[in-house]
Amino acid sequence: QVQLVESGGGLVQPGGSLRLSCAVSGSIYRVSTVGWYRAAPGKERALVASITSGRNTDYADSVKGRFTISRDDTNKIFYLQMNSLKPEDTAVYYCQASIDVDGSRRYLVLWGHGTLVTVSS
């Protein structure tokens with residue numbers, strides 16, 4: 001069974017950095033667009049950043065210049081580098097990926113379980 005497994009969350013002081021990772025477990029053919037989302041306390045899940053298979057990226061205005069999304073398709077790992085973190089970045093962060101499991105060009109949209117990022121002094 002194909003799953004997305006996130007890691008890298010934790011507690012960090014304002015101004016600090018964290019790198020989130022999202023690894024694909026299981027055999028797959030290819031990954032299309034990958035996105036990182038977050039759900040802050042009392043708020044709905046929202047897109048933070050996305051990257052296409054051609055490595056075109058897009059960011060929410062609130063994280064531009066501070067966050068960087070990247071991908072390692074060889075090892076099937078996707079990253080979100082977060083710098084200059086602010087208390088308002090506190091949220092559960094989720095990885096989402098569109099995955100072609102068998103080369104059929106039928107893509108499944110999978111979500112990770114989420115990882116908590118807390119920015120506080």
Side-chain angles (χ1 to χ4, degrees):
Q1 184 177 359
V2 178
Q3 293 181 324
L4 300 180
V5 181
E6 297 123 332
S7 60
L11 174 64
V12 63
Q13 292 186 342
S17 297
L18 282 175
R19 188 177 76 161
L20 305 183
S21 299
C22 173
V24 180
S25 67
S27 177
I28 64 167
Y29 187 76
R30 67 184 139 212
V31 180
S32 179
T33 300
V34 175
W36 284 95
Y37 292 72
R38 67 185 181 188
K43 296 186 177 181
E44 294 186 354
R45 194 177 300 188
L47 180 65
V48 174
S50 64
I51 184 168
T52 67
S53 57
R55 288 169 170 72
N56 293 313
T57 59
D58 193 22
Y59 296 92
D61 287 343
S62 59
V63 306
K64 282 181 181 177
R66 299 189 297 122
F67 290 12
T68 302
I69 188 171
S70 61
R71 58 192 291 161
D72 175 355
D73 287 293
T74 298
N75 294 303
K76 300 181 294 182
I77 303 177
F78 314 104
Y79 301 100
L80 185 67
Q81 178 67 44
M82 304 185 296
N83 299 329
S84 302
L85 283 161
K86 305 175 181 179
E88 51 263 43
D89 295 318
T90 295
V92 178
Y93 285 73
Y94 299 88
C95 175
Q96 182 207 61
S98 298
I99 296 176
D100 178 0
V101 175
D102 55 9
S104 65
R105 296 189 178 272
R106 290 177 298 181
Y107 287 86
L108 300 177
V109 178
L110 298 181
W111 290 87
H113 61 280
T115 185
L116 177 62
V117 172
T118 303
V119 184
S120 175
S121 56

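Sequential numbering from 1 along the given sequence is applied to the chain's residues. Every heavy atom of this structure was used, including side-chain atoms; hydrogens, water molecules and symmetry mates were not.
Heavy atoms only, all atoms of each residue included: C22 and W36 are closest at CB-CZ2, 3.6 Å. Closest approach of A49 to L80, counting heavy atoms only: CB-CD1, 4.2 Å. Between S32 and R71, the closest heavy-atom pair is O-NH1, 2.8 Å. When every heavy atom of P14 is checked against every heavy atom of S121, the shortest pair comes out as CD-N, 3.7 Å. Counting all heavy atoms, side chain and backbone alike, D89 lies closest to Y93 at O-OH, 2.6 Å. In this structure, G8 and L18 approach most closely via the heavy-atom pair O-CD2, 3.8 Å.
Side-chain contact between Q81 and S17 is present, with heavy atoms from C-beta onward closer than 4.5 Å. Residues Q96 and T33 fail the side-chain proximity criterion, which asks for heavy atoms closer than 4.5 Å. In this structure, the side chains of L116 and T118 come closer than 4.5 Å at one or more pairs of heavy atoms. A 4.5 Å side-chain heavy-atom check between L108 and R106 finds every atom pair outside the cut-off. Side-chain atoms of K86 and R66, non-hydrogen and from C-beta on, do get closer than 4.5 Å to each other. L20 has its side chain within reach of T115: a pair of non-hydrogen atoms, C-beta onward, lies under 4.5 Å apart. Between Q13 and V119, every side-chain heavy-atom pair lies at or beyond the 4.5 Å cut-off. Taking 4.5 Å as the limit, every side-chain heavy atom of T68 sits out of range of all side-chain heavy atoms of Y79.
V109 and V24 fall into different hydrophobic clusters, where Ile, Leu, Val, Met, Phe, Trp and Tyr side chains are chained together by heavy-atom contacts under 4.5 Å. Under a hydrophobic-cluster definition in which Ile, Leu, Val, Met, Phe, Trp and Tyr are linked whenever side-chain heavy atoms come within less than 4.5 Å, directly or via other members, V31 and V2 are assigned to the same cluster. Put simply, V48 and L4 are part of the same group of oily side chains (I, L, V, M, F, W, Y) that touch within less than 4.5 Å, one to the next. The hydrophobic cluster containing V12 does not contain V92, counting ILVMFWY residues as joined when their side-chain heavy atoms lie under 4.5 angstrom apart, directly or transitively. The hydrophobic cluster containing Y107 does not contain V34, counting ILVMFWY residues as joined when their side-chain heavy atoms lie under 4.5 angstrom apart, directly or transitively.
Atoms CD1 and CD1, on I28 and I99 in that order, are 5.0 Å from each other to the nearest 0.5 Å. Atoms CZ and OH, from R45 and Y37 in turn, are 9.0 Å apart once rounded to the nearest 0.5 Å.
Taking a 6.0 Å sphere around CD of E88, one finds it holds more than 12 heavy atoms contributed by other residues, nucleotides or ligands.
Under the 3.5 Å distance criterion, the side-chain polar atoms of D102 are matched with a main-chain donor or acceptor of S104. E6 contributes no side-chain N or O that, together with a main-chain N or O of S21, makes up a donor-acceptor pair within less than 3.5 Å.
The aromatic rings of Y94 and W111 stand perpendicular to each other, their planes meeting at an angle above 60°, with 30° marking the opposite boundary.
Electrostatic pairing of D73 and R55 counts as a salt bridge here, judged by a charged N lying under 4.0 Å from a carboxylate O. By the 4.0 Å N-to-carboxylate-O rule, R30 lies close enough to D100 to be salt-bridged with it. Using a 4.0 Å cut-off between charged nitrogen and carboxylate oxygen, D61 and K64 count as a salt-bridge pair.
With sequence neighbours left out, the salt bridge (Lys or Arg N to Asp or Glu O under 4.0 Å) criterion links R19 to no other residue.
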